[in-house]
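Structure first, commentary second.
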Amino acid sequence: MSATRQEPSGGLPPLPRLCFAALHVVVRDGYDQAGHSLEQPGSAREIEHWIDWKATAGLRRYVDSLGFGVAEAMDTAQRFEIGWPSARRLIELCASLELRNGFLAGAGSDQFDAVGSNAELIDAVAEQAEFIGQQGGVPVLLPMPRLTVTGASERDYVDVYGAIIDQLEGPLFLHWLGEMFHPAMRGYFPGNSLERILARHADKVRGVKLSLLDEEYEVLLRRRIGMRGQIVLTGDDYHFARLLEGQPAARGSRLGGTFELKGRTVALGDFSHALLGALDAVAEPAAEALRALGAGDLERYRELMGPAEELARFVFQPPTRHYKAGLAYHAWLRGLQGNPMLVNREDLARDVHYYRGVAVLAARAGSLGDGEVARRRLAEALGPGSEAGR
């Protein structure tokens with residue numbers, strides 16, 4: 001089994017795939033009194049004040065200890081709500097933690113309230129990407145809502161992305177976020193624009209993070225771009241088990257080899273790597289499963305990944321964009337934070353039946369550890385009549 005070589009965490013074997021966990025942001029106790037909501041969101045500066053930076057850092061250290069890199073300041077961190085002040089601070093936080101497994105971070109244009117032209121958009125995204133690189137991270141070019149709002153053509157996409165990439169040294173990744181995660185992304189990457197951009201800038205763009213929940217398309221894309229040494233970081237929180245497992249290379253296939261990314265040797269083949277919000281919740285069983293995969297124990301890999309993926313599917317159920325509520329609740333159950341709230345109280349977008357389902361499936365997936373806080377909170381969530389409450 002080809003492996004992605006990286007520095008082991010705490011003596012653990014390396015993971016066989018390049019995997020980054022997209023993580024949420026923890027808010028301080030008392031945030032329910034701030035008056036922020038999805039309908040009346042707080043300002044970027046107000047939100048920055050309410051972030052629990054210590055707990056947010058602890059969550060990032062936790063996934064790093066399991067062998068995962070961190071994907072910072074992306075949709076899972078409510079990037080479209082927190083704004084650049086908090087995003088910048090999150091990126092600086094990741095740099096200060098000296099994470100053993102490194103970090104990626106989202107580059108957008110939200111240092112400005114609005115951009116009035118594509119030229120301004122290009123310079124804004126390039127500026128953030130350069131900042132991420134200076135902090136030691138790898139930039140991920142976030143989707144740009146302006147392109148859908150203005151009805152940009154395939155050629156416009158190729159030109160805008162090309163102009164951004166020309167200003168950067170690389171390495172970097174692109175991000176395609178589906179409309180199920182953000183309604184403004186309907187019609188993104190029209191025509192063949194994505195593959196044209198990837199092909200034209202293969203020397204800098206190491207691949208693309210796909211958040212489309214389309215397993216068939218992802219397999220086809222990874223085979224095409226893999227021929228020139230690029231990868232797909234799966235963002236498919238419904239099908240990640242099969243996508244990470246992959247398939248044996250077909251006879252005569254040109255898929256294979258490796259490339260270097262920030263000191264890591266990344267394996268190429270007919271499989272996806274990962275940049276997943278689901279890893280925020282299923283990090284423990286997923287790490288064990290991936291190490292079993294690396295050791296060639298496919299049966300154990302599937303045994304562990306099955307319940308983990310079941311939990312992820314439930315967390316990311318429609319309306320999918322509110323998946324962060326399940327992640328914050330899971331982290332609260334796990335004892336990683338003191339409350340289950342989210343920025344702008346997005347946690348209120350889910351109901352009690354959803355949260356109970358998260359608790360049941362988390363217990364089944366073995367993602368809550370065995371700490372006393374987790375046992376007590378799980379028993380509280382499921383009630384005295386449940387198996388976990390006995």
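Computation of the quantities below employed the complete heavy-atom set of this structure, encompassing side-chain atoms and omitting hydrogens, waters and symmetry-equivalent molecules.
Residues Phe173 and Ile231 are in side-chain contact: their nearest non-hydrogen atoms beyond the backbone lie under 4.5 Å apart. Looking at heavy atoms from C-beta onward, Phe271 lies out of side-chain contact with Pro16 at the 4.5 angstrom threshold. Taking 4.5 Å as the limit, every side-chain heavy atom of Leu268 sits out of range of all side-chain heavy atoms of Thr258. Residues Asp351 and Tyr354 meet the side-chain proximity criterion, which asks for heavy atoms closer than 4.5 Å.
Arg79 and Ala73 get closest at one heavy-atom pair: NH1-O, 2.8 Å. The minimum heavy-atom distance between His239 and Glu309, with the atom names listed, is C-OE2, 3.1 Å. Of all non-hydrogen atoms in Ser211 and Met180, the two that sit nearest each other are O-SD, 3.9 Å. The minimum heavy-atom distance between Arg350 and Pro319, with the atom names listed, is NH2-O, 3.2 Å. Residue Leu293 comes nearest to Arg17 through the heavy atom pair CD2-NH2, 3.9 Å, listed as atom of the first residue, atom of the second, then distance. Taking both residues in full, the closest heavy atoms of Pro143 and Leu177 are given as CG-CB, 3.6 Å, listed atom of the first, atom of the second, then distance.
Hydrophobic clustering (ILVMFWY, side-chain heavy atoms < 4.5 Å, transitive): Leu221 and Leu243 are in distinct clusters. Hydrophobic clustering places Trp53 together with Leu327 (ILVMFWY residues linked when any side-chain heavy atoms are closer than 4.5 Å, directly or through intermediates). Cluster membership for Leu59 and Met341, using ILVMFWY side-chain heavy atoms within less than 4.5 angstrom, is shared. Note on Leu342: it does not cluster hydrophobically with Val358, by side-chain heavy-atom contacts below 4.5 Å among ILVMFWY residues. Met185 and Leu147 fall within a single hydrophobic cluster, where Ile, Leu, Val, Met, Phe, Trp and Tyr side chains are chained together by heavy-atom contacts under 4.5 Å.
The existence of a salt bridge linking Arg291 and Glu288 is excluded, since no basic side-chain nitrogen approaches an acidic carboxylate oxygen closer than 4.0 Å.
Looking at Thr148, its side chain does come within 3.5 Å of a backbone N or O of Ala184 through a donor-acceptor pair. A distance-only check finds no donor-acceptor pair linking the side chain of Tyr301 to the backbone of Gly296 [under 3.5 Å]. Formation of a donor-acceptor pair under 3.5 Å by the Lys324 side chain with backbone atoms of Glu346 is not found in this model. Of the possible donor and acceptor atoms, one in the side chain of Tyr238 sits under 3.5 Å from a partner among the backbone N and O of Phe316.
Tyr323 and Asp75 share a side-chain donor-acceptor pair at under 3.5 Å. A side-chain donor from one of His24 and Gln337 sits under 3.5 Å from a side-chain acceptor of the other. For the residue pair Arg223/Gln247, the side-chain donor-acceptor check at 3.5 Å is satisfied.
Remark: Glu372 CD is packed, more than 12 non-hydrogen atoms of other residues, nucleotides or ligands lying under 6.0 Å away.
Interatomic distance, Gln230 CD to Arg224 CZ, rounded to the nearest 0.5 Å: 12.0 Å. If you take CZ on Phe181 and CE on Met74, they are separated by 11.0 Å, rounding to the nearest 0.5 Å.
Ring pair Phe189/Tyr161: centre-to-centre distance below 6.0 Å.
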